[in-house]
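See structure below.
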Amino acid sequence: MRTGKLKTNNGCLAWLFLGPSLLGFSLFYLLPFVTGFFYSLVDGPINGTFVGLHNYGALLKNPSFLSALANTANFTLICVPLNMILSLGVALLLNQKIQGRNLFRTIMITPLVVPVASVVLVWQAFFDLNGVLNSLIHALGYPPVDWMKTNWSRMVLLVIYLWKNIGYSVILFLAGLQNIPAEYYEAARIDGASQSQEFFRITLVYLTPTTFFVFIISIINSFKVFRETYLISGEYPYNSIYMLQHYMNNMFIALDYQKITSAAFIMAAFIVAVVLLLFIVERKITNMIN
Amino acid sequence: MASLHLKNLSKTYPGKVTAVRDFSLEIKDQEFLILVGPSGCGKTTVLRMIAGLEEISAGELYIDDRLVNDVAAKDRDIAMVFQNYALYPHLSVYDNMAFGLKLRKIPKAEIRRNVQEAARILALEDLLKRKPKELSGGQRQRVALGRAIVRKPEVFLMDEPLSNLDAQLRTQMRIEIARLHRNLQTTFVYVTHDQTEAMTMGTRIVVMKDGLIQQIDSPQAIYDHPVNMFVAGFLGSPGMNFLEVLIIEEKGCIFAKLADALLPVPAAEGQTLKEQGYLDRKLVLGIRAEHLCGGRDFLDRHPECALRGRLEFSELRGAETYHYVRIAGREVVVRVSPELRVETGQEVRVGFNMSKAHFFDQESGVNVSSQ
Amino acid sequence: MLNRNHRIKNILHITILLVLAVLFIFPLAVTVTNSFMSEQEIANNYDPVTDKNLSSYNDDTTNHFARFQLIPDVVVLKQYYNVLIKKTQFLFMFWNSVLITFPIVIGQTIVATLAAYAFAKLKFRGRNFLFFLYIIVMLMPFQVTLVPNYLMAGQLGLLNSRWSIILPGIFSTFGVFLLKQSMEQIPDSYLEAARVDGASQLQIFLKIILPMARAGIAAMAILVFIDNWNMVEQPLIFLQDAAKQPLSLYLSRIIDGEKGLAFAASTLYMMPVLLNFLYAEKYLLEGIRLSGIKG
Amino acid sequence: MIKKKCGVVLSLVLVLSLGVFTAGCGTQAAGEANNPNSLTIAVVTKDMYLDTAVKKFEELHPGVSVEVKEYTSSTSEKGEGVRAADPGDLEKYITTMNTQLMSGQGSDIILLNNLPYQTYADKNLLVDLSGLMQSDQSFDRGKYYQNIFKALEYKNKLYGLPVNISIDMIAADRTLLAKSQVPIDDSNWDWNDFVKTAEKVINDNQNGGTQEMYALAGMDEKRLIATLVKENYASLVNPEKKTANFTGKEFHDLLSLSKYLIDHKLVNTDTAQTNITDMASRGKLVFNFTSLQGFWDLQVAKAIFSEGVQLLKPPGNVFFSTDTMYGISSKSANQKLAWEFLKFMVSDDMMTQGGMPINKSVLPQIAQNFTQAIQKRGGKMMIKDDGIPAQSITLQPPTQEDVNYMENLLSQAKVYIGTDQKIISIVQEETAAFFTGQKTAEATAQLIQDRVSTYLNE
């Protein structure tokens with residue numbers, strides 16, 4: 001009769017539900033990850049000898065990689081916070097009683113669903129040296145700017161990124177805002193809090209879990225801007241928007257496993273570090289709320 | 001219809017938090033047993049162990065002599081009403097009630113009959129097609145009950161089912177549940193932190209604190225003879241008054257000395273205390289509000305038991321009035337007749353009905369009275 | 001006074017939102033309306049950008065900037081005729097997109113729902129660690145696992161086969177992440193009630209979790225659909241055979257050449273997503289909403 | 001207990017999948033090495049030379065089979081069983097070769113043109129042919145143009161063996177040059193001399209008249225800059241050191257030069273309509289870039305400039321390129337046989353079938369073969385170049401002088417140019433705005449320098 005403990009916490013059952021996902025995850029993600037790491041430690045793809053961290057060392061001296069790393073970090077550092085700030089702003093606007101709020105919401109999220117390839121032509125026509133933006137600038141009597149071929153190109157990417165991703169974040173923030181009980185604000189108002197105090201002491205604090213989520217989604221999407229960049233300016237774009245993905249993509253075409261895997265792991269290490277850090281911060285604030 | 005036998009049940013959560021310790025209890029068939037205690041006392045954990053929602057860390061649980069430690073919740077033939085009702089939002093009232101029956105592959109006609117019957121009992125007939133979110137709190141509560149009773153289970157488990165209702169509804173549902181118990185003639189195990197519910201509904205009460213059983217008895221017995229200060233203070237409204245006294249013997253009589261006043265302890269009681277060696281030691285005197293009298297009758301008859309104090313506050317309850325009186329630096333609640341009108345701040349006399357008084361050990365809190 | 005301030009503020013807010021809305025919708029509007037233009041008209045508008053050689057530049061010195069024109073001079077369906085009837089490869093590639101996207105959406109929905117349930121509602125050892133791993137892997141750009149994935153596809157004989165994209169797609173952890181968040185919103189007591197009601201774990205999953213997580217699942221399915229419908233990198237690398245490539249690649253290729261065609265193809269290409277989105281917008285918004293609130 | 005089991009299940013899943021993976025690796029490595037008497041050769045599309053070589057080699061070595069693997073999706077025939085390559089084929093070929101080589105698979109012999117073979121060499125994926133040449137007693141290095149081998153070396157090792165090379169020259173209308181009396185010392189001239197000469201010739205002949213004359217024809221700005229970059233490639237890009245020099249004076253000069261040529265209408269940029277052959281024969285063209293791959297090109301140049309042609313060495317070194325360079329995969333199990341085949345391809349016997357040989361003694365025989373070939377058709381030939389309408393011309397048989405000229409050229413070819421198409425297209429892309437006057441030469445050069453550096457440094 002006593003075959004085992006009552007199956008309430010049900011470890012095995014969980015594994016059963018998890019099984020398919022875990023199997024695929026191991027096979028198509030985890031295992032490649034591990035093999036990738038292996039490749040980064042040897043000197044050749046087949047029968048390579050173990051060279052330790054040599055590939056990493058070499059990579060960290062590679063000017064193209066370093067510039068890609070810097071550009072990616074730079075872009076992510078700018079676009080993720082900016083996306084969060086702007087979308088929080090729009091969410092705050094939409095959180096008021098405003099006519100046509102739902103329509104705005106729908107419009108804001110539309111770019112997310114539009115295929116990249118469909119609008120690339122529009123972006124090209126807009127930002128080209130002979131593009132629409134320059135025709136406006138020309139009309140105002142200023143010299144045209146080659147947007148994709150100057151340091152402005154980072155701004156262009158930023159615009160495209162924001163265009164595509166603000167909507168999603170706005171909806172997330174809006175949900176988070178609506179989830180904060182009105183009593184908190186009322187209590188704060190009675191306690192004599194100013195509007196900015198309300199914002200910083202209540203809104204921001206109670207939005208922490210949402211913010212964390214938006215942060216993660218923003219990072220994922222900041223990597224996806226590569227698609228647009230790639231379709232607009234190809235494998236070797238202007239230097240300031242030459243990203244790690246370009247590097248890795250090009251290294252893949254050259255099938256340089258050592259470089260691509262070492263690059264991947266350096267990138268992975270960065271991501272893990274950032275996420276861990278945020279995880280800790282989020283835990284702290286969440287614990288503070290509860 | 002079933003009896004339950006809980007034998008030394010314990011629950012330890014990972015991280016070494018022990019929620020329930022060595023819990024033993026026999027629940028008789030058709031009993032309405034109430035688990036009561038402050039939040040975090042482990043009462044819900046016990047209920048969930050009975051339901052099979054919580055693994056039993058140690059001990060044995062029998063339902064009708066069947067060891068069910070390893071039996072899944074669905075095979076224990078129990079029904080449970082949850083604090084937040086847990087009505088499936090995507091199902092109508094009818095489907096919510098029929099859910100368990102459908103899972104058991106009971107013929108459609110029978111399901112219909114059962115649900116209709118339960119709906120009739122609970123006056124839900126008109127609401128069967130609605131979704132939970134279209135119901136009021138009380139209606140949801142009744143659906144939750146209905147979902148439990150259609151299954152005709154051996155044991156009914158209820159986890160604070162009334163805590164989300166307003167006061168009036170709560171009183172009403174209390175009666176309905178009690179009536180339900182009478183009609184269904186099934187075993188009920190009911191968890192609450194509300195001592196009124198415990199006192200009014202159960203045939204037996206289990207008082208818990210910190211995962212341990214404090215006392216098991218009928219409501220009246222627990223009220224009259226609490227085993228310790230915790231039980232005494234927890235059950236009854238208002239809670240029992242506690243005053244620190246010194247037990248002394250003077251001229252062959254035992255007195256409880258409170259400040260300068262001496263309260264005579266009934267002889268038999270005094271003897272017990274003396275035998276236990278409490279002479280010249282401090283004890284806690286416990287006495288309920290209704291045994292502190294402001295009425296002239298009692299005071300006249302027992303002038304030796306009257307103490308002087310100052311009325312700090314009085315609370316009108318309609319049928320009765322509570323006086324909060326400061327005596328010897330401590331505030332006590334006195335139940336008086338509403339006719340007795342005293343101004344706040346005035347001096348009053350309070351009579352101690354010492355035959356109803358309890359004495360508790362200062363350290364252990366155990367009731368050391370003879371009663 | 002207060003009232004008037006309030007009204008001015010309100011108008012200001014609405015103006016900001018209106019400007020934003022126009023900016024957001026503009027690229028789409030251009031794409032759609034331009035798909036009804038004649039090749040000639042499109043050439044007039046976009047030649048300065050797409051056809052950059054000296055001779056054409058010198059020809060027309062007055063207008064060497066591209067123009068966005070929202071309303072066609074003449075509405076022409078020629079581009080659609082070309083895309084749908086004359087160029088059969090468009091339809092083939094559209095079908096390729098369908099053949100790649102649908103299995104991924106269906107597969108990932110099933111796999112992710114199961115796994116998300118385990119993560120959200122079942123306790124097991126190493127749960128947090130494993131989930132952290134899922135998040136990390138989800139955050140990695142596609143290129144990180146590219147090489148080993150490519151080799152893996154080679155080992156499994158999947159290279160140049162749709163399955164080399166579909167299989168990793170099915171097991172992407174994004175769906176799990178999204179759904180776990182929204183499943184955590186379902187109070188435990190529902191599951192416990194079902195257990196007491198006599199439901200097995202599978203029944204709980206099918207009859208309680210699935211219906212209650214409907215919005216989340218729908219949102220996930222739509223997001224996965226969008227993501228994979230737009231896929232560019234994977235087919236570029238895994239499908240060398242042009243006949244197997246999805247429409248997203250076809251689009252990126254015709255952009256250089258026939259611009260009018262590109263607009264029509266783009267419009268057709270975004271239609272399934274847009275319709276899908278408009279149809280299930282409620283679920284999508286609700287699902288995203290749920291995923292963002294932490295339990 | 002159960003919890004433990006679950007852990008076991010998880011690790012089992014991992015181990016299992018790891019097993020699948022490594023097992024896969026194993027079978028793959030063992031895959032190709034089956035038959036010691038079979039060779040595989042990877043090419044984009046096969047040419048007649050290779051076809052003949054395979055046939056003859058199989059006749060000479062009974063029991064040996066040589067398979068040529070083509071990587072093209074094209075089905076159109078170029079004639080005589082040889083297929084034309086599709087534009088997308090090259091990319092596909094590169095990816096496939098990358099994949100195969102990196103995973104240890106692939107053919108024994110690989111056509112290296114357009115492949116990043118220096119990268120392969122860095123990763124030890126190719127066999128060092130100079131080592132094989134030295135250790136092979138039957139191979140007489142002295143019979144070959146050492147300067148060509150030397151030029152092809154990468155980090156002091158030879159990885160590719162060309163079976164046909166081409167030398168870029170500038171054909172000039174001798175009569176026009178003589179009329180204007182501009183002496184050209186092509187051993188020591190620069191691009192400025194080139195422009196000055198052209199200008200003088202055109203001025204002398206036009207004299208304000210309406211008659212149109214050009215220095216170069218059939219070249220739009222893209223083709224012009226690409227050609228010029230190619231001619232100066234060695235000073236602009238150093239693949240071995242992975243450096244580029246587009247911000248220096250050379251490239252700046254090339255930009256100014258091409259802009260000057262275009263702005264002063266010295267170049268006929270109409271690529272669609274211009275008939276170079278016609279213009280040259282009417283004496284309306286001063287120069288024409290030509291690439292000598294054999295007597296065919298030489299005789300065509302002579303026939304086009306019917307008033308007399310003068311072949312000039314472009315400013316700088318005599319450099320050569322090749323579109324038929326073969327290497328041996330270091331993962332090949334049949335390296336010996338592969339080397340035998342390569343050796344056979346450059347043997348006297350085979351070389352006489354070619355155009356510009358790397359083999360010293362065979363040119364007279366090639367000239368003879370060529371003479372026979374054109375005489376079969378009475379010297380009448382159809383020529384067709386990209387962008388130029390097909391046209392019939394009459395070719396003359398090469399003379400001893402021609403043979404000497406070619407031999408001389410070959411022995412002078414000291415610089416190998418393997419232009420990287422990616423760099424050329426970056427240059428073409430970035431110079432577009434320069435030619436339209438929207439960007440300065442400096443800005444353009446900087447952009448190119450940045451992008452190319454990124455590319456080279458990867």
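In what follows, chains carry the letters A, B, and so on, assigned in the order in which the sequence lines appear, proteins first and then strands, with residues in each chain numbered from 1.
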Region of [X] in contact with chain A, defined by heavy-atom distances below 4.5 Å:
X: C:Leu20; answer: side chain
X: C:Ile226; answer: side chain
X: C:Thr113; answer: neither
X: C:Phe225; answer: neither

Q: Decide yes or no on side chain to side chain contact (heavy atoms under 4.5 Å, CB included) for C:Leu28 and A:Val122, but give the supporting numbers first.
A: CA-CA 9 Å; C:Leu28 296 193; A:Val122 176; over 6 Å; no
Looking at [atom1] of [X] and [atom2] of [Y], how far apart are the two atoms once the value is rounded to the nearest 0.5 Å?
X: C:His13; Y: A:Leu92; atom1: NE2; atom2: CG; result: 9.5 Å
X: A:Leu276; Y: C:Ile136; atom1: CG; atom2: CD1; result: 6.5 Å
X: A:Thr106; Y: C:Phe24; atom1: OG1; atom2: CZ; result: 13.0 Å

Atom group of [X] that falls short of 4.5 Å from chain C, counting heavy atoms:
X: A:Leu136; result: neither
X: A:Ile166; result: side chain
X: A:Phe104; result: side chain
X: A:Phe226; result: side chain
X: A:Phe173; result: neither
X: A:Pro20; result: both
X: A:Leu18; result: both

(Q) Under the rule for side-chain hydrogen bond (donor to acceptor under 3.5 Å, both in side chains), what residues qualify as partners of A:Lys164, not counting sequence neighbours? (A) none
Looking at [options], which one has more heavy-atom pairs under 4.5 Å with chain A than the rest?
options: C:Ala116, C:Ser172, C:Ala112; value: C:Ser172
options: C:Ile170, C:Leu167, C:Leu23, C:Ile25; value: C:Leu167
options: C:Phe132, C:Phe171, C:Phe205; value: C:Phe171
options: C:Asn34, C:Leu18, C:Ile110, C:Thr267; value: C:Leu18
options: C:Val30, C:Leu223, C:Ile135; value: C:Leu223

Q: Would you please test C:Leu178 and A:Phe213 for side chain to side chain contact (heavy atoms under 4.5 Å, CB included) and show each step?
A: CA-CA 10 Å; C:Leu178 206 69; A:Phe213 189 75; 3.9 Å; yes
Q) Top residue by heavy-atom pair count (under 4.5 Å) with chain C, among A:Ile219, A:Asn249, A:Thr261? A) A:Asn249
Q. Given the side-chain rings of C:Tyr117 and A:Phe17, with only the six-membered ring counted for Trp, is the space between their centroids under 6.0 Å?
A. yes
Q.
Using every non-hydrogen atom in the two residues, find where C:Pro168 and A:Tyr29 come nearest and quote the distance to one decimal.
A.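 For C:Pro168 versus A:Tyr29, the nearest heavy atoms are O-OH, 2.7 Å.
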Q. If we ignore angles and hydrogens, is there a donor and acceptor under 3.5 Å between the side chains of A:Ser21 and C:Tyr134?
A. yes
Q) Is there side-chain contact between A:Leu16 and C:Gln201, with at least one heavy-atom pair below 4.5 Å? A) no
Q: Could you go through the ring-ring contact (aromatic ring centres under 6.0 Å, His included) check for A:Phe126 and C:Phe26 one step at a time?
A: CA-CA 11 Å; A:Phe126 192 67; C:Phe26 193 72; 7.9 Å; no
Q | Stepwise side chain to side chain contact (heavy atoms under 4.5 Å, CB included) test for C:Leu133 and A:Phe25 | A | CA-CA 10 Å; C:Leu133 218 59; A:Phe25 176 72; 4.3 Å; yes
(Q) Using the ring pair (Phe, Tyr, Trp, His ring centres under 6.0 Å) criterion, which residues pair with A:Trp123? Sequence neighbours excluded. (A)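 Partners of A:Trp123 under the ring pair (Phe, Tyr, Trp, His ring centres under 6.0 Å) test: A:Trp163.
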